[in-house]
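Chain letters run A, B, ... following the sequence lines, proteins first and then strands; every chain starts at 1.
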There are 2 protein chains.
Amino acid sequence: MTRSNGEAAHDDIRVAVSTVIFSLRHGGEDLPSVVLPLVRRTRDPHAGQWALPGGWLDVSENLEAAASRTLAETTALTPSYLEQLYVFGDVGRSPSRVVSIVYWALVREDVASTPLPEDENVAWFDTADLPELAFDHRSIIEYALWRLRNKVGYSRIAHGLLPDLFTLAELREVYEAIGGKRLDPANFRRQVEGSGTLIPTREFRTGSHRPARLYRYNHDVELADRGPLPR
Amino acid sequence: MTRSNGEAAHDDIRVAVSTVIFSLRHGGEDLPSVVLPLVRRTRDPHAGQWALPGGWLDVSENLEAAASRTLAETTALTPSYLEQLYVFGDVGRSPSRVVSIVYWALVREDVASTPLPEDENVAWFDTADLPELAFDHRSIIEYALWRLRNKVGYSRIAHGLLPDLFTLAELREVYEAIGGKRLDPANFRRQVEGSGTLIPTREFRTGSHRPARLYRYNHDVELADRGPLPR
DNA sequence: GCAAAAGTGTTTAACATACACCCATGG
DNA sequence: CCATGGGTGTATGTTAAACACTTTTGC
């Protein structure tokens, strides 16, 4: 059961932690795309293929801490939202027995656009145009996307993709990008204003047309209700 | 892989699988209670206290299979619904490092009322009146209850607590027991009839008053949308 | 002034809720 | 025939959606 030196007996179960990190990227005139960072594997199995950032769980490290640590080590990113997604542990998903505890995270677009570490083995990908992926990571990403789209409907996680100050149009764009369809500006405004999650400021964003009021997120309201989970 | 000095045996991470199993139990005139089976621990840590049924994950066993197996071994129950709940893996939750993959399950009331194995170390408890529990199992149950109550609102899992044939009043009682409040029979009927999840039969349940039509669950509609999760 | 986005108002439909009412059965 | 739960009808209020309209800026 006990491993002596990392090699040897693989008849035990190893615990890994990975994270699906979502952010947005503005393209041309279209809606922004949902993007995520991937890491190219340097060793077998699946050497050369892209995979979710992650690593082994440390014996004296909490699960969420492991997610944050491996995230920082591989991508140098700090998420504004982090939540457990699912555990994948089927026997056949890796040559040796690995139980992968997968988290998902949101990163603000301004944070995500700071350059990645000087490493051609880390890169951002459009979720609509993913490369070939190692292990079962493709279906993990599909599931995380499904959760993201679901959760955006009944919680306020969209704010996790925006900086402190934002216009209603910017917030709407987030919902539109995740949902994949345009929303009525008038109805969107009423909905979000009535929810008590926004604090209007006295500042305005001046552009090529009528200036738009800047809003701040009301942190008294939780981003997402996770129920009675220990934090 | 890091390993602190000395302390040979329990120095690695062990993976356990536990299950929160819900069922209903009819009392007197009141609403049925939500009940769950617990197992009394026979060894340390927490010897003598009640705990969730579970066991160690086998090296060549899928996660869901481990949940089913440990369930059958300790309680001899077969669930009608089984879903992953959460992974609890904080460093301090057990003397040695244990990552617990917790599932939650539903058992039909008629199945749950077959007697438990001849063993005074397994028993059903009302969720509103739990004994002292081992580890962090109390908060795990709280979380599972929260998930149950939530999910019953947007999916059809209530059927998992009923036998094949049931009246609308019986189905309504399930919702009332889980939600903890009475529902309008007329509106409940319309809601559930309009959802396309019920197939009316030609049979009736005859009791002390006007006979009630028996319904069957429409298995074309999934109990719960779990998204693109591999099954 | 014109284009375009910000922001307001109004109409409509869908839906949940509340509750009045009739129906069918055992006693 | 009456008590009781099964089952139907209907009025009311809340909410989402669709869209017409006014406001404010850059050019």
Side-chain angles (χ1 to χ4, degrees), chain A residues 26-32 149-156 158 162-163 165-216, chain B residues 26-32 149-156 158 162-163 165-216:
Chain A
H26 274 81
E29 298 299 308
D30 275 349
L31 280 177
R149 284 195 242 271
N150 252 294
K151 200 137 194 169
V152 96
Y154 64 88
S155 75
R156 301 295 152 208
L162 288 175
L165 292 177
F166 50 86
T167 66
L168 284 182
E170 286 162 354
L171 180 59
R172 176 164 46 88
E173 221 179 17
V174 174
Y175 280 87
E176 291 174 336
I178 293 172
K181 68 160 189 276
R182 295 279 175 190
L183 299 174
D184 184 315
N187 295 330
F188 181 81
R189 165 182 299 271
R190 258 184 301 263
Q191 243 171 277
V192 82
E193 268 182 343
S195 74
T197 54
L198 290 192
I199 302 169
T201 69
R202 277 192 200 78
E203 301 169 71
F204 289 80
R205 171 142 313 154
T206 163
S208 43
H209 297 294
R210 174 171 171 179
R213 184 179 295 274
L214 288 173
Y215 289 81
R216 184 188 306 285
Chain B
H26 274 81
E29 299 299 308
D30 275 350
L31 281 178
R149 285 194 241 271
N150 252 292
K151 201 138 195 170
V152 95
Y154 63 87
S155 74
R156 300 297 152 206
L162 288 176
L165 293 177
F166 49 87
T167 66
L168 284 183
E170 287 164 352
L171 180 60
R172 176 164 46 86
E173 221 179 17
V174 174
Y175 280 87
E176 290 175 337
I178 294 173
K181 68 159 188 278
R182 296 276 174 192
L183 299 174
D184 184 314
N187 295 329
F188 180 80
R189 164 182 299 273
R190 259 184 300 264
Q191 243 171 278
V192 82
E193 269 181 342
S195 74
T197 52
L198 290 192
I199 303 169
T201 70
R202 277 191 200 80
E203 299 169 72
F204 288 82
R205 167 110 63 231
T206 162
S208 44
H209 297 295
R210 173 171 171 179
R213 183 180 296 275
L214 289 173
Y215 290 81
R216 183 189 305 286

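- Taking every side-chain heavy atom of B:His209 into account, D:dG5 is the closest of C:dG7, D:dG7, D:dG5.
- If you take CD of A:Gln191 and P of D:dT15, they are 11 Å apart, rounded to a whole angstrom.
- Between A:Arg213 atom CZ and D:dT24 atom C1' there is a gap of 13 Å when expressed in whole angstrom units.
- Nearest-nucleotide assignment on DNA chain D puts the 5′-proximal partner with A:Asp184, out of A:Asp184 and A:Ser208.
- Here the straight-line distance linking atom CZ of A:Arg205 with atom CZ of A:Arg213 works out to 13.5 Å at 0.5 Å rounding.
- Within 4.0 Å of B:Arg172, counting heavy atoms only, lie sugar-phosphate atoms of the nucleic acid but no base atom.
- Taking atom CZ of residue A:Arg205 and atom C1' of nucleotide D:dT24, one finds them 17 Å apart after rounding to whole Å.
- Contact annotation: A:Arg189 reaches the phosphate of C:dG7 (side-chain N/O to OP1 or OP2, under 4.0 Å).
- For A:Arg210 against C:dA6, a side-chain-to-base donor-acceptor contact under 3.5 Å is present.
- In this structure, B:Leu165 and B:Arg216 have side chains that are in contact, with non-hydrogen atoms separated by less than 4.5 Å.
- Look at CZ on A:Arg190: it is 10 Å from C1' on D:dA16, rounded to the nearest Å.
- At least one side-chain heavy atom of B:Leu31 sits less than 4.5 Å from a side-chain heavy atom of B:Arg182.
- At the heavy-atom level, A:Ala169 lies under 4.0 Å from the strands shown only through sugar-phosphate atoms.
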Could you give the side-chain donor-acceptor pairs of residues 186-194 of chain B under 3.5 Å, partners two or more places apart or in another chain?
{"residue": "B:Asn187", "atom": "OD1", "partner": "B:Arg190", "partner atom": "NH2", "Å": "3.0"}
{"residue": "B:Glu193", "atom": "OE2", "partner": "B:Tyr215", "partner atom": "OH", "Å": "3.4"}

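- Interatomic distance, B:Arg210 CZ to B:Phe204 CZ, rounded to the nearest 0.5 Å: 8.5 Å.
- Rounded to a whole Å, the OH atom of A:Tyr175 is 13 Å from the P atom of D:dA16.
- Protein atom CZ of A:Arg182 is 17 Å distant from nucleotide atom P of D:dA17, rounded to whole Å.
- Atom P of nucleotide C:dT8 and atom CG of A:Asn187 are separated by 13 Å, given to the nearest angstrom.
- Across the protein-nucleic acid pair, A:Leu168 atom CG and C:dT8 atom P stand 10 Å apart, rounded to whole Å.
- When distances run from any side-chain atom of B:Pro211 to the nucleotides C:dA24, C:dT8, D:dT8, the shortest one goes to C:dA24.
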